[in-house]
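Before any comments, here is the structure.
Bear in mind that the values here come from a model prediction, so they are computed numbers and not experimental data. So you know, we letter chains A, B, ... as the sequences are listed, proteins then strands, and number each from 1.
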Amino acid sequence: MNFKLEQINGCQVLSILDERIDAHNSADLKAELLQLIEQHGGAIVVQLEQVRFIDSSGLGALLSGHKQAVAKSGKLVLVKIQQPVLAMFEITRLNRVFEIYADLDEASAAQT
Amino acid sequence: MSPAILQVDVIIPTQTRYLDLIGSIGERIAKELDSYSGDREALAYHLNLVLTEATANAIKHAQDNEAKNTVRICIHIEDRQLTIKVYDHGQGFNLEAVAKPDFDHPKENGMGLFFIRTLMDSVTYTQQADGNVLEIIKYL
């Protein structure tokens with residue numbers, strides 16, 4: 001899986017550059033998130049702008065990251081989710097579990 | 001004019017790299033359905049997702065049996081009924097025993113079959129001596 005990692009306003013921002021998250025690459029995402037949380041803690045922002053498809057294993061990888069972040073007194077925030085992908089969070093009610101924002105600015109504003 | 005019958009039959013190795021191919025076939029089929037009056041983009045995503053989940057499930061189950069390391073996926077459309085059959089050679093599982101996710105305490109696993117059940121109209125799983133078949137029906 002292709003990622004871009006940046007530090008913006010004290011947050012680790014992980015942009016997923018693949019269009020598709022499924023059982024083929026979700027283990028990579030899970031491992032990357034766990035490593036990031038282990039190394040940096042605090043707030044991790046996952047930017048999903050490029051992602052046009054996610055399956056249950058992709059949702060599971062993000063949920064794993066969320067649980068790990070909370071266990072470390074941090075948080076995992078999602079931004080720039082495309083509508084069809086957001087619909088999958090809604091069907092599984094995971095939109096109630098994750099903090100989801102339109103973009104980084106909105107996510108930053110919500111943290112202050 | 002749409003053909004009365006459309007059937008796609010694919011056999012893939014039990015490797016997750018082929019999930020994209022299988023899902024994409026479903027997405028393209030949704031976009032080719034001339035007579036479908038619902039939300040075509042949503043149907044395209046749903047078929048991509050359901051085929052991806054069902055195939056991933058079959059690949060996962062098939063890994064305990066290396067002798068027959070392929071999964072067969074059959075998509076059949078006739079008279080406004082779309083039928084997906086996914087054949088695996090694994091141990092099989094009890095579909096009825098798969099519980100609905102606990103939304104208040106979400107888990108990483110178990111959402112795949114929930115998606116299939118929620119987005120499609122009928123799901124059955126039949127275990128036979130020569131393999132198992134997950135049959136999914138969607139009325140168009």
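Between Asp55(A) and Asn48(B) there is no side-chain heavy-atom pair separated by less than 4.5 Å.
Cluster annotation: Val13(A) is not connected to Ile16(A) through the hydrophobic network of ILVMFWY side chains, with a link wherever side-chain heavy atoms come within less than 4.5 Å. Ile77(B) and Tyr36(B) fall within a single hydrophobic cluster, where Ile, Leu, Val, Met, Phe, Trp and Tyr are joined by side-chain heavy atoms under 4.5 Å apart, directly or via other members. Both Ile84(B) and Leu113(B) sit in one connected hydrophobic cluster of ILVMFWY residues. Membership requires side-chain heavy atoms under 4.5 Å apart, directly or through other members. By the rule that hydrophobic residues join a cluster once side-chain heavy atoms approach within less than 4.5 Å of another member, Leu140(B) and Val123(B) end up as members of one cluster. By the rule that hydrophobic residues join a cluster once side-chain heavy atoms approach within less than 4.5 Å of another member, Val71(B) and Leu21(B) end up as members of one cluster.
Checked for salt-bridge contact, Glu108(B) and Lys67(A) miss the test: no charged N lies under 4.0 Å from a carboxylate O.
Comparing Lys30(A), Arg96(A), Arg93(A) by how many heavy-atom pairs each has under 4.5 Å with chain B, the most go to Arg93(A). Comparing Glu53(B), Glu41(B), Gln15(B) by heavy-atom pairs within less than 4.5 Å of chain A, the highest count is held by Glu53(B).
Atom CD of Glu38(A) has 12 or fewer heavy atoms from other residues, nucleotides or ligands within 6.0 Å. In this structure, Asn9(A) places its CG atom where only 12 or fewer heavy-atom neighbours from other residues, nucleotides or ligands lie under 6.0 Å away. Within a 6.0 Å sphere centred on CZ of Arg28(B), other residues, nucleotides and ligands contribute 12 heavy atoms or fewer.
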Trace of the side chain to side chain contact (heavy atoms under 4.5 Å, CB included) decision for Leu63(A) with Lys107(B): CA-CA 8 Å; Leu63(A) 184 61; Lys107(B) 288 185 184 161; 5.5 Å; no
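Only the side chain of Glu27(B) has a heavy atom closer than 4.5 Å to any heavy atom of chain A. Contact annotation for Pro106(B): both backbone and side-chain heavy atoms come within less than 4.5 Å of a heavy atom of chain A. Proximity to chain A is absent for every atom of Asn109(B), based on heavy atoms less than 4.5 angstrom apart. Of the atoms belonging to Phe103(B), heavy atoms from both backbone and side chain fall under 4.5 Å from chain A. Using a 4.5 Å cut-off between heavy atoms, Leu62(A) does not touch chain B at all. When heavy atoms are compared at a cutoff of 4.5 Å, Tyr45(B) approaches chain A by way of both its backbone and its side chain.
What you find for Thr52(B) and Phe53(A) is that their closest heavy atoms are OG1-CZ, 3.7 Å. When every heavy atom of Ile91(A) is checked against every heavy atom of Leu119(B), the shortest pair comes out as CD1-CD2, 3.8 Å. For the residue pair His24(A) and Leu19(B), the shortest heavy atom distance occurs at N-CD1, 4.2 Å.
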